[in-house]
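Inspection log for the structure reproduced underneath, given as structure tokens.
Counting from 1, the numbers follow the sequence of the chain as shown.
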Amino acid sequence: QTRLMTQEYHQVRPQDVQHNWELFAALIHKAMTKSRQEEYTLQGCYERLVYNQWQLFVILKNEELESIVVTSVLPFDLCCYLNVIFVAGVGDKKVDIGYMDKSLKEIAVSFKCDRLIGGGRKGWQKALNKFGWKDLNLVVKEL
């Protein structure tokens, strides 16, 4: 008897973030470190999630936590972006980019967004190109 592999994602309600914060914080820290993002603190992330400024999603594979995704909604005059801030797999599990892309599209639509945006490690770029993501240069200058 073969068991079908199931995948699903769920938004963690802001009031539930604190219950598993140690786990979520470790995964967010992992994503911050790998992508060399130094603009945020874990405390700041926690507060944005608890106050519903950001959204936290868990991706489950066969009912086990496989990865997390942290997003925010960025409204502009002519479009609205779902900004993918952090993505992290649990342990050494690889993130299923195809499933994540599909999930992010559904999440974006549910938040009335019509575009996805995100950044991260260079390695994501090649994998995401296969799913229609384009690399648009972003330049930064510290003052």
Quiz item: Are the aromatic ring centres of W54 and Y40 under 6.0 angstrom apart?
Solution: yes
In terms of hydrophobic clustering (I, L, V, M, F, W, Y; side-chain heavy atoms under 4.5 Å; direct or indirect links), are [X] and [Y] co-clustered?
| X | Y | result |
| --- | --- | --- |
| Y9 | F111 | yes |
| Y81 | V70 | no |
| L42 | V58 | yes |
| F86 | L23 | yes |
| I68 | M32 | yes |

If we ignore hydrogens and angles and just use 3.5 Å, is the side chain of [X] paired with the main-chain N or O of [Y] as donor and acceptor?
| X | Y | result |
| --- | --- | --- |
| D114 | C80 | yes |
| N62 | T6 | yes |
| K30 | V87 | no |

Exercise. Test side-chain contact (heavy atoms from CB on, under 4.5 Å) on I107 and F57 and set out the steps.
Key: CA-CA 9 Å; I107 292 164; F57 293 89; 3.5 Å; yes
Nearest 0.5 Å please: distance from the [atom1] atom of [X] over to the [atom2] atom of [Y].
| X | Y | atom1 | atom2 | value |
| --- | --- | --- | --- | --- |
| D96 | K102 | CG | NZ | 10.0 Å |
| S110 | K105 | OG | NZ | 14.5 Å |
| F24 | H19 | CZ | NE2 | 10.0 Å |
| Y46 | L56 | OH | CG | 12.0 Å |
| Q11 | Q55 | CD | CD | 6.0 Å |
| L49 | S72 | CG | OG | 10.0 Å |

Any heavy-atom pair between the side chains of [Y] and [X] that's under 4.5 Å?
| X | Y | value |
| --- | --- | --- |
| L60 | Q7 | no |
| F76 | R115 | no |
| I28 | W21 | yes |
| L65 | L27 | yes |

Exercise. Verify whether one side chain among Y99 and E66 offers a donor that lies under 3.5 Å from an acceptor in the other.
Key: no
Quick check: closest heavy atoms across [X] and [Y], and the distance to 0.1 Å?
| X | Y | answer |
| --- | --- | --- |
| V90 | S67 | CG2-N, 4.2 Å |
| L104 | L82 | O-CD2, 3.8 Å |
| Q15 | Q18 | O-CG, 4.1 Å |
| N83 | G118 | OD1-CA, 4.1 Å |
| M100 | V95 | SD-CG1, 4.0 Å |
| I85 | T71 | CD1-C, 3.9 Å |

Quiz item: With a cut-off of 6.0 Å (strictly less than), are more than 12 heavy atoms of other residues, nucleotides or ligands near CD of E22?
Solution: no
